[in-house]
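Working notes, structure below.
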Number of protein chains: 2
Amino acid sequence: MRELTPRQEEVLDFVLEKLERSGYPPSVREICEALGMSSTRGAQRHLEALERKGFISRAPGARAIQVRGGLREAAAYLPLVGEVPAGPLRYASEEVEEWLPVPARWGGRGRFLLRVRGDSMIGDGIKDGDLVVVDPSPEAEDGEVVVALVDGEATVKRLRRRGRAVELVASNPAYPVLRVERGEAEVRLAGKVVALLRERV
Amino acid sequence: MRELTPRQEEVLDFVLEKLERSGYPPSVREICEALGMSSTRGAQRHLEALERKGFISRAPGARAIQVRGGLREAAAYLPLVGEVPAGPLRYASEEVEEWLPVPARWGGRGRFLLRVRGDSMIGDGIKDGDLVVVDPSPEAEDGEVVVALVDGEATVKRLRRRGRAVELVASNPAYPVLRVERGEAEVRLAGKVVALLRERV
DNA sequence: CCCGTGCGTAAACGGATGTTTACATGTAAA
DNA sequence: TTTACATGTAAACATCCGTTTACGCACGGG
């Protein structure tokens, strides 16, 4: 992406600021006023330059400015589910407590946030009350931290494959290892834990 | 905030969807088209209702719709600083690696993100590579987790006040306690740790 | 010197867009 | 029943706003 002239950068900054403050982009004339111009042509040219250089996209219509790489693109929003997805790895919208922003690279198809209860994974730095980002992958590999549904209840554990059996291992030695032979169905994997948020340190 | 009628909710949903998809709000006529109306008055009335009930704000001008409690308001953006703030608790913009979105309630004046190095706080579930949210409070109380500058280097430790002295305690027993008597100046507090992000679990 | 580019003013055009008035229907509460 | 409200159509109006044309100035490279 090419460099911007100082004036073009002023325009881009103003667009971003307006976007941040108002929630919608400025009109061409608002840009003029902000930069002390009396003609719309000046701002127009700057917008054309910004588009040519790839910093923004424009669509026909009023205020139809899209900022590429803007703040909006930096965030993904994940639902914090009250209960763990049951059935076919889906969460009903009624169970969504709230949507929280996370860094965009944490986002992904079907990912969601789950509040961890208990201290069984304290050895991996996962504490009671932490929010974990869960990727509903169909397959989890040996050694990964997963969300498992045991008797309908969700627990976070480390997965260990032992031949045909699967073990769910807590990182707190006070907790027992749950061993499941292949074919037994009381345990289901809801996904694997890929990231973590902690609100109170 | 009063409840919305089903139709009003449809309008609000469409506005949010358009905002998410395009980066700018829809025009009244776009709302009409989306909801299958042939007159702008219908959408107009819904927007008036949404404003009356406090879900949106409107300003004169095209597409000047602000959604209260929209996605944008849910996020705050904090800078990830490469090095710890030196001097008067400020970070130079050159040191900012990137800006990351976090839940809005994590934001606040002067807060920033810092990457934790080492495993000295493993006992508190703070691992190597974690990003901590630092609030540059002037005062930290006994028992709080703080970022301290020791010989110009940043470390995360738990603060313990012992009369006139201050102790910086690691939660990994392998590390020694750093004791500082009042008046000694080689230790300075950069702020306290209020939240945490972990990118790899 | 000439030419391309960035930057700006002035003025006008036309479509996009918000707003208003008037009329109408269905539903629920008083 | 009466009243209020949500909802909708139809039409017109005034302005917002993107775009275009024309002209001018400054600067740097060839």
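Below, read A as the first sequence line, B as the second, and so on, with proteins coming before strands; counting in each chain starts at 1.
Atom NE2 in H46(B) sits about 17 Å away from atom C1' in dG18(C), given to the nearest Å. Between the CZ atom of R7(A) and the C1' atom of dT9(C) there is a distance of 13 Å, rounded to whole Å. In this structure, E33(A) places its CD atom 16 Å from P of dG8(C), rounding to the nearest Å. Residue E9(A) contributes atom CD, which lies 11 Å from atom P of dC7(C) at whole-angstrom precision. Straight-line distance from the CG atom of L4(A) to the C1' atom of dC7(C): 15 Å, rounded to whole Å. Between the P atom of dG6(C) and the CG atom of L50(A) lies a distance of 12 Å, rounded to the nearest Å. For Q8(B) and dA6(D), the CD to P distance is 6 Å, given to the nearest whole Å. Rounded to a whole Å, the CD1 atom of I65(B) is 14 Å from the C1' atom of dT19(C).
With respect to the salt-bridge test (charged N to carboxylate O, under 4.0 angstrom), the residues E98(B) and R105(A) qualify. The pair D135(A)-K192(A) fails the salt-bridge criterion, with no side-chain N (NZ, NE, NH1 or NH2) lying under 4.0 Å from an Asp/Glu carboxylate O.
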If you look only at distance, which donor and acceptor atoms sit under 3.5 Å apart when one is on a side chain in residues 36-50 of chain A and the other is two or more places apart or in another chain?
residue	atom	partner	partner atom	Å
S39(A)	OG	R41(A)	N	3.1
H46(A)	ND1	G42(A)	O	3.2

Exercise for the section: List the protein contact pattern of nucleotides 11-25 of chain D with one symbol per nucleotide (5' to 3'): B for base contact, S for sugar-phosphate-only contact, - for none; contact means a heavy-atom distance under 4.0 Å. Expected result: B----SBBBBB----

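Across all non-hydrogen atoms, the minimal contact from R68(B) to S57(B) is NE-OG, 2.8 Å.
For S38(A) and dG8(C), the shortest distance from a side-chain N or O to OP1 or OP2 is not below 4.0 Å.
Across V166(A), L159(A), V193(A), a single residue satisfies side-chain contact (heavy atoms from CB on, under 4.5 Å) together with V146(A), and that is L159(A).
Residues L197(A) and E199(A) have side chains not in contact (no heavy-atom distance under 4.5 Å, counting atoms from C-beta outward).
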